[in-house]
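What follows is a set of notes on a single structure, which appears directly below.
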Amino acid sequence: MARDNRGEEMDEFARGRAAVGLDPENSAIDATRLEDGTMELNMGPQHPSTHGVLRLVLDLDGEVVKECRPDIGYLHTGFEKSFESHTYWQCVPYTDRMDYLGPMLNNLGFALAVEKLLGIEVPERARYLRVILSELTRVASHLIWFGTSAMDMGATSPFMYAWRERETILDINEFISGVRMHTSFIRIGGLMADVPDGFVEMVQHVLDTFPKAFDEYELLVTNNPIFRDRTIGIGVISREDAVAYGLSGPSLRGSGIPYDLRKAQPYCGYEEFAFDVPIGTHGDVYDRYLCRMQEMRESLKIIDQALRRLPDGPVTSMNRKVSPPPRNEINTSMESLINHFKLVTEGMHPPKGTTYTAIESARGELGYYIVSDGSNRPYRCKVRAPSFSNLAGLPSMTRGHLIADTVAIIGSIDIVLGDVDR
Amino acid sequence: MGGHGVTEGREAAVSEVAGSRARDLLRRLMPASILEEHESCSELTLVVDRSELVEVVKLLRDHHEALYNLPVLVTAVDYPDREPDLPRFDVVYVFRSLPFNDVVQIVVRVTEQDPHVPTLEDLFAGMDWHERETFDLFGIVFDGHHDLKRILLPSDWEGHPLRKDYISFGEPVAFTHNLDWALQEAQRPDTMPGEME
């Protein structure tokens with residue numbers, strides 16, 4: 001279609017307006033005064049507080065939000081379609097890129113689902129390392145939330161401190177996998193490789209230094225009167241609403257529901273570790289804040305226990321139809337060579353079946369619904385993204401609050417738009 | 001943490017097969033509603049009739065022995081090559097019961113000609129977005145939804161990408177076996193070789 005630049009621009013804008021139920025013709029200005037005196041205001045997608053590309057259309061009465069309509073899909077990449085044309089092991093790197101702040105947790109969810117279809121168990125050492133790595137990832141993800149959500153409310157120092165601590169965890173990622181963020185370290189059947197010497201010391205350093213850092217954060221923020229004023233009683237979602245919207249993770253627990261998949265339906269042997277599930281009482285921004293702050297400390301408890309009990313042994317399944325044989329075996333055994341060739345060229349073939357396997361990611365219930373038709377590619381893979389459901393609860397949380405509070409509320413549900421849009 | 005209780009979490013025993021609580025209840029109270037049962041990886045999938053979907057989900061949500069109160073996901077699976085007597089789409093619902101710590105998968109089958117399912121928006125506030133996503137990507141129509149429109153894709157997008165006949169990958173590449181096609185394409189001034197029609 002031939003259009004001049006100006007016409008093309010207008011068309012894009014009109015399309016965006018139509019997507020959120022606005023008049024597509026009225027594209028000249030962002031804010032429109034409606035007949036009843038309220039104003040429609042466009043917020044995002046490039047707003048600094050939207051953590052990526054989230055667009056909100058707000059109906060305002062003065063500064064009070066009467067209605068909030070999120071417009072999502074700016075980061076939609078069609079991962080679920082791509083999964084269908086890739087073999088199972090080729091899908092693993094895609095999972096990193098969905099919730100890009102919790103890559104290991106995404107890898108883990110996918111690996112567990114496929115392992116369930118295959119009916120295999122991973123070795124003990126892999127299981128313990130998976131627990132350590134997913135808890136480190138949870139802490140790293142919560143640190144970003146802590147820094148950015150405080151910054152949304154005008155406090156810039158916590159951001160710098162949180163980034164300092166997160167860096168230590170990214171260094172561990174880089175040390176073990178060579179990559180800081182999209183590690184793809186947790187694989188179907190175990191891990192990419194065993195952790196190198198020095199890993200334990202690095203994690204121990206995290207355990208030694210982080211509690212002091214958390215104390216520092218709490219000193220800065222938790223009892224800060226401005227922060228408390230901005231968060232207490234803001235963005236309340238009741239227990240009933242939180243459940244009906246399908247909220248999960250700290251956003252659900254902040255409303256007082258002690259549901260954590262690590263406790264409720266343990267995977268990776270979480271039942272062996274002693275830890276608490278912090279819950280809130282009022283379901284406001286402050287409660288969700290307290291939950292996440294406490295969760296980071298609980299994660300450290302789990303890491304500490306796992307590190308002390310970390311067994312020796314292999315880190316990938318011995319099932320040669322699932323994980324490739326070690327190099328020295330390929331040199332000496334014809335069968336291993338064949339297995340290796342088959343795995344690289346074809347991949348694994350889980351039997352026919354379906355599974356819905358969910359884990360507790362940093363944001364809530366991350367589930368993979370996989371339909372296998374017996375071939376080497378998933379017939380269908382639906383990702384149940386926690387951020388998607390959590391964001392669906394945003395309109396009900398923002399109703400009746402100020403625009404400035406909307407910013408605080410978005411921060412408190414800790415969405416990642418890559419996870420929302422997939 | 002003044003006033004913020006820290007609990008040990010819920011440690012209810014996980015039932016042997018996920019979803020058996022829902023199956024037992026439905027067998028007892030609405031035996032005709034279950035068309036098929038499938039078990040895979042210790043998880044139950046209940047295929048129910050479209051006309052009874054709302055009643056079934058309402059019962060599972062409200063009955064004191066079930067309380068499947070959290071909507072986990074809605075999606076669909078496309079089987080274009082299924083046996084002719086079976087409908088093309090499986091619309092999949094997953095519900096979680098927080099009090100009983102159980103998950104159930106409910107499937108409703110719809111045909112390509114009549115891809116309609118009643119909306120569950122009135123039962124769960126969170127269904128709104130899930131149903132819109134399934135409409136967007138599969139073209140399943142949720143009857144009674146207050147505002148059924150695309151959610152992830154732009155509003156003027158054509159087609160439903162997660163249907164199996166929507167090809168988004170694997171455009172033809174010039175090889176010896178399709179040399180005629182490649183030469184023909186190369187002569188057309190407005191397209192590059194390998195570009196789809």
Side-chain angles (χ1 to χ4, degrees), chain A residues 15-16 18-19 21 71-73 76 78 80-82 84-85 116-117 119 241 243-248 252 256-260 262-266 271 276-281 287 290-291 294 352-358 365 367 369 371 379-380 382 384 388-389 391-393 396 421-422, chain B residues 1 3-12 14 18 38-43 45 61 69-79 90 92 94-96 98 101-103 105 107 123-130 133 136-137 147 149-156 161-162 164 166 168-170:
Chain A
R15 204 162 67 177
D71 177 20
I72 61 172
H76 180 61
E80 291 174 15
K81 186 78 174 173
S82 302
E84 292 174 10
S85 60
K116 203 168 177 185
L117 282 168
D241 279 356
V243 175
Y245 274 105
L247 261 53
S248 52
L252 176 72
I257 296 171
Y259 199 83
D260 187 321
R262 291 174 295 174
K263 285 274 188 203
Q265 305 198 338
E271 66 274 18
D276 294 328
V277 177
I279 60 166
T281 41
D287 274 4
L290 290 180
C291 279
Q294 191 59 32
K352 263 187 173 186
T354 58
T355 179
Y356 174 72
T357 305
E365 176 171 352
Y369 177 80
V371 179
Y379 186 77
R380 168 93 179 95
K382 155 82 184 171
R384 193 275 182 198
F388 183 81
S389 293
L391 185 61
S396 87
D421 297 339
R422 288 154 285 137
Chain B
M1 300 280 294
H4 292 275
V6 174
T7 74
E8 269 298 304
R10 210 167 295 241
E11 291 182 49
V14 183
H38 299 285
E39 195 190 318
S40 168
C41 305
S42 298
E43 295 166 19
T45 304
R61 185 193 66 167
N69 52 359
L70 189 134
V72 176
L73 66 86
V74 180
T75 187
V77 187
D78 182 10
Y79 298 97
D90 275 8
V92 185
V94 179
F95 296 105
R96 187 179 286 284
L98 297 186
N101 196 12
D102 192 22
V103 178
Q105 302 171 17
V107 163
L123 300 180
F124 301 97
M127 276 293 169
D128 176 6
W129 281 25
H130 287 293
E133 187 190 315
D136 192 357
L137 304 177
D147 189 19
K149 60 183 181 195
R150 292 193 183 273
I151 184 165
L152 294 177
L153 297 170
S155 55
D156 59 350
L162 282 182
K164 289 283 178 188
Y166 187 103
S168 68
F169 46 86

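All chains are named by letter (A, B, ...) in the order of the sequence lines, taking the proteins before the strands, and each is independently numbered beginning at 1.
Every side chain to side chain donor-acceptor pair (under 3.5 Å) that B/Thr45 has, sequence neighbours left out, goes to B/Gln105. Under the rule for a ring pair (Phe, Tyr, Trp, His ring centres under 6.0 Å), the partners of A/Phe388 that lie at least two apart in sequence or sit in another chain are B/Trp129, B/His130.
Residue B/Phe95 does not touch chain A at all, counting heavy-atom pairs closer than 4.5 Å. Contact annotation for B/Leu137: only side-chain heavy atoms (C-beta onward) come within less than 4.5 Å of a heavy atom of chain A. With a 4.5 angstrom heavy-atom cutoff, A/Val371 touches chain B only via side-chain atoms. Heavy atoms closer than 4.5 Å to chain A are found in the side chain of B/Val94, but not in its backbone. Looking at A/Arg262, neither its backbone nor its side chain comes within 4.5 Å of chain B, counting heavy atoms on both sides. Using a 4.5 Å cut-off between heavy atoms, A/Glu365 contacts chain B through its side chain alone, with no backbone atom that close. Both the backbone and the side chain of A/Leu391 come within contact range of chain B, each with at least one heavy atom under 4.5 Å from a heavy atom of that chain. With a threshold of 4.5 angstrom between heavy atoms, B/Glu39 does not approach chain A through any atom at all. For chain A, the nearby part of B/Asp78 is the backbone; its heavy atoms alone come within less than 4.5 Å.
The closest side-chain heavy-atom distance from B/Leu162 to A/Glu84 is below 4.5 Å. With contacts defined as side-chain heavy-atom distances shorter than 4.5 Å, the pair A/Thr354/B/His38 does not qualify.
For the pair A/Lys382 (side chain) and B/Val92 (backbone), a donor-acceptor distance under 3.5 Å is absent. A donor-acceptor pair is defined here as one N or O able to donate and one able to accept, closer than 3.5 Å; such a pair exists between the side chain of A/Arg380 and the backbone of B/Ala76. Looking only at distances, a side-chain donor or acceptor of B/Lys164 sits under 3.5 Å from a matching main-chain atom of A/Tyr379.
Across all non-hydrogen atoms, the minimal contact from A/Ser389 to B/Val72 is OG-O, 4.5 Å. B/Pro71 and A/Ala244 get closest at one heavy-atom pair: CG-O, 3.4 Å. Taking each heavy atom of B/Leu98 and A/Ile257 in turn, the nearest pair found is CD1-CG2, 3.9 Å.
With 3.5 Å as the limit, one finds no donor-acceptor pair spanning the side chains of A/Ser248 and B/Arg96.
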